[in-house]
There are 2 protein chains.
Amino acid sequence: MDSAPERVPASGGVQSVSRAFGLLEALADAHEPLALADVAATAGLPVPTAHRLLRTLHDLGYVRQLESREYALGAGLIGLGERARPALAERAAPVLVRLEEVAGETANLATLDGDLVSYIAQVPSRHRMRMFTEVGRRVLPHASGVGKAMMSLLPEGRVRALVARTGLPRYTATTHTTVDDLLQDLADTRRRGFAIDDGEQEVGVRCIAVAVPGHNVPAAVSISGPSVRMTDEVVRTAVAELIRAAKGLQGGLRTQAIP
Amino acid sequence: MDSAPERVPASGGVQSVSRAFGLLEALADAHEPLALADVAATAGLPVPTAHRLLRTLHDLGYVRQLESREYALGAGLIGLGERARPALAERAAPVLVRLEEVAGETANLATLDGDLVSYIAQVPSRHRMRMFTEVGRRVLPHASGVGKAMMSLLPEGRVRALVARTGLPRYTATTHTTVDDLLQDLADTRRRGFAIDDGEQEVGVRCIAVAVPGHNVPAAVSISGPSVRMTDEVVRTAVAELIRAAKGLQGGLRTQAIP
DNA sequence: AGCGCGAATTTCGCATGGTGGAATTGTGCG
DNA sequence: CGCACAATTCCACCATGCGAAATTCGCGCT
């Protein structure tokens, strides 16, 4: 499924930086201003530590503090976010809107960033029960539709090397946990023209995905939703549009770079 | 002018965090992937230090590394940026587009974040020579159109307190450097219905701005461009649209919060 | 207005986490 | 293949980040 658990970043690195971003993510997840104690608690830090980091982030413009003394994300992040957005995500915006309209489900665009699937754009379904995978989230490829779609374009050796690094963690009874199962699915994907994730990450969730050809960084578009709504009929209808969408986002003859 | 120099953040705070964001801003400013040595040089850090910070940022998803080993901003920032965007910036997007169309110059939306003007949305002019102020940038209020527009709505005591904290640095011969001059300009702004920045930050640059009423965090919209194009005629035409725009973004009767 | 309480902010000694020069490894080119 | 340059890793050292304790602030209640 497209919302396979995020791989935990390797421990190590600069702790202060990780902690600062943990605070930013806590504020982002809250979708409303938070008191210091709440941010600190959410991020799992002692209050003075959180305070000091938030003070730094505030001074830099990435956090703001309201008169209520609550903290919220600052405008500096807007600028960074806009400039982090690949050209492909820009081009894909109307395409994703149309996919959502046709299928009535959440439309996603993802790329392969190292060994992880990284979601770079999304148009959420208008249904109340819907798949929600935040832009910027990263997941393991083997249990996600877009991941399998992209891997289906890679040489077998490269798939094996990737899997050797990531492993094949099981999320549900249908998750692929052997290389052979995965490679078989990728072969099926190529034959069919699209990948299916049928509850491999999360029971009751279904996703169909098609790789976007012609980019040196693999990319894929998908439609994901609850199995009860993603019937075979819906899949059949949506797949044509999905394939058309992928083709429309195809890279140029010069194997267009994603940046 | 709307592109008054950014106030340097107070020194201190968590150095590692500042450095990490310096690297992100270096990548953002480059608008293309950069080699490690180049990022490090731009950010003014030794290569191994930059490497370590970038590694951390990469592991967290805020930086990605291409096969060429170059670094670029990562998709994690997209998500943060989107969630940092205030509701007002969303609402203002079509308004700014229309302002740019009418005036043919760069349209901006800014708020007062503490003592600084913070740009939260922008539609750049289509002219090749145009004002470019990145979303997320912060400037001192006294030398910017939007800053003066917002201050014109504040009680005098509050303006005096703000200026006591920020000072009134001179950027050009027309910059206000005394409180009395500034207060006079704010009075003129109120009388006129809009603020003018006539080369106060940058010679040859002109900006007109109107405060958006009814928000507990001060906000303002502006049009800025080169003086040679921002004639009195253009100003006269654009001001009506600017005032209409500000009114359209007016906060509700409950003094709508910006978050 | 005064008080109490909880939250936010500041302080500062300490130790750990961050640093960066040197060494090692990797990559691309001739 | 060899070389030069770039990237990455290593690790001793100490500067910076940490967080418990102290202080200050802000709010609500009487």
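Letters A, B, ... are given to chains in the order of the sequence lines, protein chains preceding strands, and every chain is numbered from 1.
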For nucleotides 15-17 of chain D, tabulate all protein N/O to nucleotide N/O atom pairs closer than 3.5 Å, reporting atom names and distance.
from: D:dG17; atom 1: OP1; to: B:Gln15; atom 2: N; distance (Å): 2.6
from: D:dG17; atom 1: OP1; to: B:Ser16; atom 2: N; distance (Å): 2.9
from: D:dG17; atom 1: OP1; to: B:Ser16; atom 2: OG; distance (Å): 3.4
from: D:dG17; atom 1: OP2; to: B:Gln15; atom 2: N; distance (Å): 3.4
from: D:dG17; atom 1: O3'; to: A:Ser16; atom 2: OG; distance (Å): 3.2

Report, one pair per line, the protein and nucleotides 22-30 of chain C atoms (nitrogen or oxygen only) whose separation is under 3.5 Å.
none

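Here A:Arg55 pairs with A:His58, A:Asp59, A:Gln65 under the side-chain contact (heavy atoms from CB on, under 4.5 Å) rule; sequence neighbours left out. Listed by chain and residue number, A:Gln250 satisfy the side-chain contact (heavy atoms from CB on, under 4.5 Å) test with A:Pro213 (two or more places apart in sequence, or in another chain). Contacts of B:Thr189 classified as side-chain contact (heavy atoms from CB on, under 4.5 Å), with partners at least two apart in sequence or in another chain: B:Ser152, B:Asp185, B:Arg192, B:Ala195. Under the salt bridge (Lys or Arg N to Asp or Glu O under 4.0 Å) criterion, B:Arg160 pairs with B:Glu156, not counting sequence neighbours. Residues meeting the ring-ring contact (aromatic ring centres under 6.0 Å, His included) test with A:Tyr71, sequence neighbours left out: none. In terms of the salt bridge (Lys or Arg N to Asp or Glu O under 4.0 Å) criterion, residue partners of A:Asp29 (sequence neighbours excluded) are, by chain and number, B:Arg83. Take A:Arg69 and apply the salt bridge (Lys or Arg N to Asp or Glu O under 4.0 Å) test, not counting sequence neighbours, and it matches no residue. For B:Arg158, the salt bridge (Lys or Arg N to Asp or Glu O under 4.0 Å) test picks out A:Glu67, with sequence neighbours left out.
In this structure, B:His51 does not reach the D:dA7 phosphate: none of its side-chain N or O atoms is under 4.0 Å from OP1 or OP2.
What separates CG of A:Leu57 from P of C:dT9 is a distance of 14 Å, to the nearest Å. Between the C1' atom of D:dT8 and the CG atom of B:Leu45 lies a distance of 16 Å, rounded to the nearest Å. The interatomic distance linking A:Leu66 (CG) with C:dA8 (P) rounds to 12 Å, in whole Å. We find that CG of A:Leu36 is positioned 15 Å from P of D:dC27, with the value rounded to whole Å. Straight-line distance from the CZ atom of A:Arg55 to the P atom of C:dT11: 13 Å, rounded to whole Å.
Using a cutoff of 4.0 Å between basic side-chain nitrogens and carboxylate oxygens, B:Asp115 and B:Arg165 are scored as salt-bridged.
Residue pairs that meet the salt bridge (Lys or Arg N to Asp or Glu O under 4.0 Å) test with at least one member in residues 38-51 of chain A, sequence neighbours left out, do not exist here.
The residue B:Glu70 sits apart from the nucleic acid: no heavy atom pair falls under 4.0 Å.
Within the helix from C:dA1-D:dT30 to C:dG30-D:dC1, the inter-axis angle between the opening and closing five-pair segments is 60°, rounded to 10°.
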